[in-house]
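Below: the structure, in structure tokens.
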Amino acid sequence: MKFTKMHGCGNDYVYVNLFEEKLDDPARVSIYVSDRHFGIGSDGLITIGPSDKADFRMRIYNADGSEAEMCGNGIRCVAKYVYDHKLTDKTEISVETGAGIKYLTLYVEEGKVSQVRVDMGEPILTPGDIPVVKADGSAYDDDYRVIDEPISVGEREWHMTCVSMGNPHAVVFVDDVAGFELEKYGPLFENHKMFPKRTNTEFVEILSRNEAKMRVWERGSAETWACGTGTCATVMACILNKKTDNKVLVHLRGGDLTIEYIPETNHVFMTGPATEVFSGEIDIR
């Protein structure tokens, strides 16, 4: 199987071009290639293929083989791949994802894509659509918003704000994100009974009205160095809790993303880099 290794702010995936390759069991392939000792090493597998609804279609598989609806860092790399590998010559493209069609603007330098701006669409705040339920398992009312909501995790009470950007996120504000015990609390949030489909969890430190730091525990992949949808969810949570303005520079372990919320359209835009690391071939066992 031919592949290309790419990353967006350190959130790395193995990319397979389905215009040239065929994968019968991408979930199994994702588990195999993601292994950092016996495989290629990645946070998962992303396939790029044809779509009858958009210019391209992407599918995302986590390191444990589970399929994700959307990946913000991954979709920027898809944009770079299709342009740099001459599958398109357009700098405005559409990509079909499990969370709907996304529209991207490609910024090209010396014939290669360096940055990508993604219209991530509208944030989802309806609890049943995120999904998130009450601690007793009952459903929230549709018009309720899970903002600064208490949750008991690891014998401590936290406060979370829940947002979906096509996949579920729980955002928790902390005083020191660098020293936070992510490996301890991340799995407990991910598998908490309040999240019927598990959740991604962002732990966020506010630096100013326009700047924040974030670490993320992704469902199915553990800690990753960045999460595009999580960064968008983080900024929405910051705005809903009146902690920042509508445009925020977010520092992640692997780099920086700029997130802007446009109230007039209720859309979130993400701008950040995409990097190709190397290409190769691997025998799938």
Side-chain angles (χ1 to χ4, degrees), residues 7-11 13 43 46 58 60 68-79 94-95 97-105 115-126 129-132 145-147 160-173 177 197 199-207 209-219 221 224-274:
H7 76 84
C9 293
N11 188 193
Y13 286 87
D43 293 324
I46 290 180
M58 68 180 287
I60 309 110
E69 300 89 345
M70 173 58 186
C71 176
N73 292 310
I75 200 170
R76 295 199 316 276
C77 290
V78 167
S94 58
V95 178
T97 76
I101 297 175
K102 305 301 179 185
Y103 298 91
L104 297 80
T105 301
Q115 295 265 323
V116 180
R117 177 176 167 88
V118 185
D119 181 349
M120 298 289 285
E122 299 186 15
I124 298 167
L125 302 177
T126 304
D129 294 336
I130 292 174
V132 56
R145 298 295 177 257
V146 183
I147 300 172
M160 66 176 180
T161 297
C162 293
V163 180
S164 171
M165 293 302 304
N167 53 358
H169 295 272
V171 180
V172 178
F173 296 102
V177 72
K197 294 185 177 181
T199 193
N200 305 284
T201 312
E202 287 73 36
F203 300 93
V204 183
E205 178 183 347
I206 302 297
L207 302 179
R209 295 292 302 178
N210 302 103
E211 199 170 5
K213 291 173 66 176
M214 184 193 95
R215 290 175 68 190
V216 57
W217 184 272
E218 290 200 51
R219 59 174 181 171
S221 293
T224 60
W225 280 41
C227 176
T229 56
T231 310
C232 294
T234 287
V235 172
M236 285 309 306
C238 291
I239 294 167
L240 291 168
N241 286 277
K242 305 186 188 311
K243 294 182 180 292
T244 68
D245 297 333
N246 291 341
K247 187 174 183 179
V248 183
L249 177 66
V250 183
H251 303 290
L252 309 156
R253 286 195 68 184
D256 297 342
L257 292 174
T258 299
I259 309 298
E260 184 174 11
Y261 173 63
I262 309 297
E264 292 78 10
T265 61
N266 192 33
H267 276 230
V268 181
F269 290 83
M270 171 190 64
T271 303

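Along the sequence shown, the residues carry numbers beginning at 1. Since this is a predicted model, take the numbers as computed values, not measurements.
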Check: [Y] and [X] side chains under 4.5 Å, non-hydrogen atoms:
X    : Y    : answer
P123 : N266 : yes
V95  : I101 : no
C9   : R76  : yes
N73  : H7   : no
I206 : T244 : yes
P263 : N246 : yes

Where do [X] and [Y] come nearest, in terms of heavy atoms and distance?
X    : Y    : value
A79  : L104 : CB-CD2, 3.7 Å
V171 : A233 : CG2-O, 3.8 Å
I130 : S164 : CA-CB, 3.9 Å
V216 : A226 : CG1-C, 4.2 Å
C162 : L125 : O-CD2, 4.1 Å
M214 : G230 : SD-O, 3.9 Å

What is the distance from atom [atom1] of [X] to atom [atom2] of [Y], rounded to the nearest 0.5 Å?
X    : Y    : atom1 : atom2 : value
H251 : E211 : NE2   : CD    : 3.5 Å
E260 : L249 : CD    : CG    : 12.5 Å
L240 : Y261 : CG    : OH    : 8.0 Å
R145 : T126 : CZ    : OG1   : 4.0 Å
T258 : M270 : OG1   : CE    : 10.5 Å
L257 : T271 : CG    : OG1   : 8.5 Å

Quick one: does [X]'s side chain have a donor or acceptor within less than 3.5 Å of a partner on [Y]'s backbone?
X    : Y    : value
N210 : K247 : yes
E205 : V177 : yes
N167 : M70  : yes
T97  : A99  : yes
R219 : K197 : yes
N11  : W225 : no
D43  : Y13  : no
R215 : R253 : no

Exercise for the section: Using only heavy-atom distances, determine whether the side chains of T161 and N241 contain a donor-acceptor pair under 3.5 Å. Expected result: yes

Handout entry: Any side-chain donor near an acceptor of the partner, E202 and T234, under 3.5 Å
Key = no

Exercise for the section: Would you please test V132 and M160 for side chain to side chain contact (heavy atoms under 4.5 Å, CB included) and show each step? Expected result: CA-CA 11 Å; V132 56; M160 66 176 180; 4.2 Å; yes

